[in-house]
Amino acid sequence: MTMIGFATYGDHAEFITDTANYTKYVESLGTTTKHITINHIDAACLTQGDGHFGDLAMSALLQVAGQVVGFDELTLHAPKWLDEMHVDAERPENCLVFLIGYSEEAGEFVAYVYASEQGFKRVKVSRWIFPAPWNLQPSGIELRRTRRYIDQAEQSRVDLWPQVEASWTKRPKMTAPASVEEWVELAKSVREQRCLDDFAQIIVHGKVVHTRLERGTVASSVVHDFGSDDTALLKMLRGTRHPFGQMQACWCGSGETYRDCHLRWAWDQPCGCHKGEKLFKDCHMVPPSAEIGVIAGL
Ligand SMILES: [Zn+2]
Ligand SMILES: [Zn+2]
């Protein structure tokens, strides 16, 4: 998962992404760019979810985009080649692809979302923010995914969810930001509410890249940096399998590290970074706490 927001404005479209790149359970955290632009058809593609699938989808896109007449044709062909790439990537869950561009048919900029769980069916959307902050209504896709996530979460979250869901779904829908400053404010609220908050947390990190897409022109720039605030970083990684997550005190209050407490069940499970080739304890698990010390009090 990752942060992606966009809006179409008739004669142009704008979108933002963060730059965090991470493995399934955040065993490792890096940086990446999440969009590519296809200037000859005034279009852009963004991917969210499994990184390997995203890479395959992007490279297939470059081939397909060279064979189509325009953006409209590209969007119609997309379900087929996205599904083929998804098979090649061994069908990872929760993948999203967005195509944003100028439609000759509509005479304006339009955007489509393709979700793996919907067989990459083409769905038109005019505004999007994912993850949605708690003060904005989530998309149907995000709501369904969060429900599935909560189903597997620990009991205290399951108990809290009906309340959260009831208020979240009554929130107003996202409005299209009117300036780059408003995009930055939106990105900050996403990070604050959905990444640094403890409930149904999603990693949002690195820099915020803003892109404006017009006919014949595309301009991208870094408009914000979530920065190197160590406290925020540790808070973000709490409860993940990143080394900084493993070594923090377990969320249950046992006084043990997360690694030695509620993560113990995963030691003999396949590591999230290797598609089951190696066990977690032989791969991304940090050495015993006695050997490297504990990040106290976190
Ligand atoms: Zn615990
Ligand atoms: Zn690993």
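All values reported here derive from a predicted model rather than from experimental measurement. Only heavy atoms go into these numbers, but all of them, side chains included; no hydrogens, no water, no symmetry mates.
Between C271 and M285 the shortest side-chain heavy-atom distance does not fall below 4.5 Å. Here the side chains of V123 and K121 are in contact, with some heavy-atom distance below 4.5 Å. Taking 4.5 Å as the limit, some side-chain heavy atom of S28 sits within range of a side-chain heavy atom of H284. With contacts defined as side-chain heavy-atom distances shorter than 4.5 Å, the pair R145/L96 qualifies. V218 has its side chain within reach of T211: a pair of non-hydrogen atoms, C-beta onward, lies under 4.5 Å apart. Side-chain contact between T17 and T2 is absent, with no heavy atoms from C-beta onward closer than 4.5 Å. Under the 4.5 Å side-chain criterion, counting only non-hydrogen atoms from C-beta, M236 is in contact with L29. Proximity of K235 to R238: side-chain heavy atoms (C-beta onward) are nowhere separated by under 4.5 Å.
Scanning both residues, A166 and K170, for their nearest heavy atoms gives O-NZ, 3.2 Å. The two residues A20 and T32 have their closest heavy-atom pair at O-CG2, 4.1 Å. Nearest heavy atom pair, residue T240 against residue Y258, reads O-CE2, 3.6 Å. Heavy-atom minimum distance, V204 versus F226: CG1-CE1, 3.7 Å. Of all the heavy atoms in I100 and A111, the pair that sits closest is CG1-CB, 3.9 Å.
Separation of atoms CZ (R259) and SG (C261) is listed at 12.0 Å; rounding is to 0.5 Å. A distance of 13.5 Å separates NZ of K34 from SG of C45, quoted to the nearest 0.5 Å. For the atom pair Y102 OH and T8 OG1, the distance stands at 13.0 Å (nearest 0.5 Å). Distance check: L234 CG to D229 CG gives 9.0 Å after rounding to the nearest 0.5 Å. Distance check: H12 NE2 to D42 CG gives 13.5 Å after rounding to the nearest 0.5 Å. Separation of atoms CZ (R127) and CG (L136) is listed at 11.0 Å; rounding is to 0.5 Å.
No hydrogens or angles considered: a donor-acceptor pair under 3.5 Å links the side chains of T23 and E27. Between Q155 and D159, the side chains place a donor N or O and an acceptor N or O closer than 3.5 Å (distance only, hydrogens not considered). Side chains of N94 and S116: a donor-acceptor N/O pair is absent below 3.5 angstrom, by distance only. No side-chain donor-acceptor contact under 3.5 Å links N21 and T31. Donor-acceptor pairing under 3.5 Å is lacking for the side chains of H86 and E84.
Between W183 and H210, the ring planes are tilted. Angles from 30° to 60° get that label.
For Q137 (side chain) and T169 (main-chain N/O), a donor-acceptor pair under 3.5 Å exists by modelled atom type. Under the 3.5 Å distance criterion, the side-chain polar atoms of D18 are left unmatched by any main-chain donor or acceptor of K207. The closest donor-acceptor contact from the side chain of T37 to the backbone of N39 lies at 3.5 Å or more, if one exists at all. Between the Q269 side chain and the L279 main chain, no donor and acceptor come within less than 3.5 Å of each other.
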**OP:** Kindly indicate, with the supporting measurements, whether the criterion side-chain contact (heavy atoms from CB on, under 4.5 Å) is fulfilled by L237 and L233.
**Re:** CA-CA 6 Å; L237 294 169; L233 184 69; 4.0 Å; yes
**OP:** For the pair I16 and H224, evaluate side-chain contact (heavy atoms from CB on, under 4.5 Å) and give the outcome as yes or no after the intermediate values.
**Re:** CA-CA 10 Å; I16 54 166; H224 183 68; over 6 Å; no
**OP:** In sequence, state the C-alpha distance, the side-chain angles, and the governing distance for R212 and E214, and then conclude on salt bridge (charged side-chain N to carboxylate O under 4.0 Å, His left out).
**Re:** CA-CA 7 Å; R212 183 186 165 102; E214 294 173 53; 3.0 Å; yes
Original post:
Could you go step by step and tell me if D260 and W267 meet the side-chain contact (heavy atoms from CB on, under 4.5 Å) rule?
Top reply: CA-CA 9 Å; D260 289 337; W267 291 17; 3.5 Å; yes
**OP:** Would you please test R148 and E93 for salt bridge (charged side-chain N to carboxylate O under 4.0 Å, His left out) and show each step?
**Re:** CA-CA 12 Å; R148 280 211 310 276; E93 291 184 336; 5.5 Å; no
**OP:** Please report the C-alpha distance between S189 and N135 in whole Å, then the side-chain angles of each, then the deciding distance to 0.1 Å, and finally whether the side chain to side chain donor-acceptor pair (under 3.5 Å) criterion is met.
**Re:** CA-CA 9 Å; S189 68; N135 60 4; 5.1 Å; no
Original post:
Given R194 and E142, is the salt bridge (charged side-chain N to carboxylate O under 4.0 Å, His left out) satisfied, shown in steps?
Top reply: CA-CA 12 Å; R194 295 302 309 282; E142 180 169 20; 2.8 Å; yes
**OP:** Go through R191 and H205 one step at a time and tell me if the side chain to side chain donor-acceptor pair (under 3.5 Å) criterion holds.
**Re:** CA-CA 8 Å; R191 160 105 160 160; H205 193 56; 3.1 Å; yes
Original post:
Do R147 and E165 pass the salt bridge (charged side-chain N to carboxylate O under 4.0 Å, His left out) test, and can you show the C-alpha distance, the side-chain angles, and the key distance before you say yes or no?
Top reply: CA-CA 9 Å; R147 276 191 201 123; E165 183 178 19; 2.8 Å; yes
**OP:** Show the numbers, then the answer: is there a side-chain contact (heavy atoms from CB on, under 4.5 Å) between R241 and K24?
**Re:** CA-CA 9 Å; R241 299 186 194 178; K24 191 170 180 187; over 6 Å; no
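With hydrophobic clusters built from ILVMFWY side chains whose heavy atoms lie under 4.5 angstrom apart, F280 does not share a cluster with V26. By the rule that hydrophobic residues join a cluster once side-chain heavy atoms approach within less than 4.5 Å of another member, I4 and F15 end up as members of one cluster. Hydrophobic clustering keeps I202 apart from Y25 (ILVMFWY residues linked when any side-chain heavy atoms are closer than 4.5 Å, directly or through intermediates). Note on F199: it does not cluster hydrophobically with I129, by side-chain heavy-atom contacts below 4.5 Å among ILVMFWY residues. L213 and V113 fall within the same hydrophobic cluster, where Ile, Leu, Val, Met, Phe, Trp and Tyr residues are linked whenever their side-chain heavy atoms come under 4.5 Å apart, directly or through other members.
Applying the 6.0 Å contact sphere to CD of E154 captures more than 12 heavy atoms from other residues, nucleotides or ligands. Shown here is E192, whose CD atom has no more than 12 heavy atoms of other residues, nucleotides or ligands within 6.0 Å.
Between T257 and the options Q246, M247, H262, a side-chain contact (heavy atoms from CB on, under 4.5 Å) holds for only M247.
D268 is linked by a side chain to side chain donor-acceptor pair (under 3.5 Å) to K281, counting only residues two or more places apart in sequence or in another chain.
Ion pairing between a basic and an acidic side chain is recognised when a charged N comes within 4.0 Å of a carboxylate O; R215 and E104 show such pairing. For R91 and D83, the salt-bridge test passes: some basic side-chain N is under 4.0 Å from an acidic carboxylate O. Ion pairing of E117 with R144 is absent here, as no side-chain N (NZ or NE/NH1/NH2) approaches a carboxylate O to less than 4.0 Å.
Applying the ring pair (Phe, Tyr, Trp, His ring centres under 6.0 Å) rule to pairs touching residues 159-180 yields W134-W168, sequence neighbours excluded.
Its side chain within the 4.5 Å cluster rule, V97 clusters with I36, I38, I41, F53, L56, M58, L61, L62, V64, V68, F71, L74, W81, L82, M85, L99, V110, Y112, Y114, F120 among the Ile, Leu, Val, Met, Phe, Trp and Tyr residues.
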